[in-house]
Amino acid sequence: DGGITQSPKYLFRKEGQNVTLSCEQNLNHDAMYWYRQDPGQGLRLIYYSQIVNDFQKGDIAEGYSVSREKKESFPLTVTSAQKNPTAFYLCASSIPQLAGGYGEQFFGPGTRLTVL
Amino acid sequence: AQSVTQLGSHVSVSEGALVLLRCNYSSSVPPYLFWYVQYPNQGLQLLLKYTSAATLVKGINGFEAEFKKSETSFHLTKPSAHMSDAAEYFCAVSEIGNEKLTFGTGTRLTIIP
């Protein structure tokens, strides 16, 4: 089955530590996205990538970093510079409009990060 | 710039009653519109999408939505609520030439037995 996997499901981090969240897709989608979800605030875009080896900052990129070395993988690192990292993190992918997509994104199951 | 407003952060309906979740959008060009559902501690699942073909769009689980350009609305409805419909629902918009989705803040739907 095609889809998006995120690991781990739950992650605990001590203050001052960096942590990397995994996102893998086998949908052959060019575009991938990372969102942060907090209660009552909907989804906020952290980073997105429309092609391998290229990515752009979203609305709340400070304290986060990403890489896109392979089409199927888009890991997110939450650095110690992120002041309030406790949240639910969602990864998504899509078919670009130029390739026939309409912008709909397909989501992974999410990773819940808790800073202790 | 595109934006989405979902009226009502919480909606409660009785089992068997009509479900109506409201979404209004703002877009400078013809939009693409989406409804997603999220169950607790899970990712978002696409319910339905409007892509400028039919204005009445049918989705999964008996949901449908109607695109009304004059009202800039894309409300989600279901004729008869089921207990399994209890979840959070998000409306989202994208535009031609803009790959990013803009999400509303969500509406939590509670079903009363």
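Residue numbers start from 1 in every chain, and the chains themselves are labelled A, B, ... in the order their sequence lines are given, proteins ahead of strands. For the numbers below, each heavy atom of this structure counts, side chains included, while hydrogens, waters and symmetry mates do not.
The backbone N or O of A/Gly103 sits nowhere less than 3.5 Å from a side-chain atom of B/Lys49 that would complete a donor-acceptor pair. Side-chain atoms of A/Tyr33 do not come within 3.5 Å of backbone N or O of B/Lys100 as any donor-acceptor pair.
Here the shortest heavy-atom pairing between B/Leu44 and A/Phe107 reads O-CB, 3.4 Å.
At a 4.5 Å heavy-atom cutoff, the contact between B/Ser94 and chain A is made by side-chain atoms alone. Heavy atoms of A/Phe88 lying under 4.5 Å from chain B belong exclusively to its side chain. Within the 4.5 angstrom heavy-atom criterion, no atom of A/Gln6 approaches chain B. The part of B/Gln38 that comes within reach of chain A is its side chain, from C-beta onward, which places non-hydrogen atoms under 4.5 angstrom from that chain.
Side-chain contact between B/Phe90 and A/Gln37: present, with at least one pair of heavy atoms (C-beta onward) separated by less than 4.5 Å. A 4.5 Å side-chain heavy-atom check between B/Leu101 and A/Tyr35 finds at least one atom pair inside the cut-off.
Within 6.0 Å of CD1 on A/Ile51 lie no more than 12 heavy atoms contributed by other residues, nucleotides or ligands. A/Arg112 CZ: more than 12 foreign heavy atoms inside a 6.0 Å radius. For NZ of B/Lys69, the number of neighbouring non-hydrogen atoms (other residues, nucleotides, ligands) closer than 6.0 Å is 12 at most.
The cluster map of Ile, Leu, Val, Met, Phe, Trp and Tyr, joined by side-chain heavy atoms under 4.5 Å apart, puts B/Ile111 and B/Ile60 in the same cluster. In the hydrophobic clustering of ILVMFWY residues, with side-chain heavy atoms under 4.5 Å counting as a link, B/Phe103 and B/Trp35 come out apart. Residues B/Leu109 and B/Tyr39 fall within the same hydrophobic cluster, defined by Ile, Leu, Val, Met, Phe, Trp and Tyr side chains chained together at heavy-atom separations under 4.5 Å. Hydrophobic clustering (side-chain heavy atoms under 4.5 Å, transitive across Ile, Leu, Val, Met, Phe, Trp, Tyr) groups A/Ile46 together with A/Val66. Using a 4.5 Å cut-off between side-chain heavy atoms of Ile, Leu, Val, Met, Phe, Trp and Tyr, with links allowed through other members, A/Ile95 and A/Leu45 fall into different hydrophobic clusters.
Between atom CD of residue A/Glu104 and atom OG1 of residue B/Thr51 there is a gap of 8.0 Å, rounded to the nearest 0.5 Å. Rounding to the nearest 0.5 Å gives a distance of 11.0 Å between OG1 of B/Thr102 and CG of A/Leu43.
Comparing A/Gly110, A/Pro96, A/Gly108 by how many heavy-atom pairs each has under 4.5 Å with chain B, the most go to A/Pro96.
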Handout entry: Criterion side-chain contact (heavy atoms from CB on, under 4.5 Å) on B/Tyr36 and A/Gln105, from CA distance to verdict
Key = CA-CA 10 Å; B/Tyr36 286 87; A/Gln105 295 177 11; 4.0 Å; yes

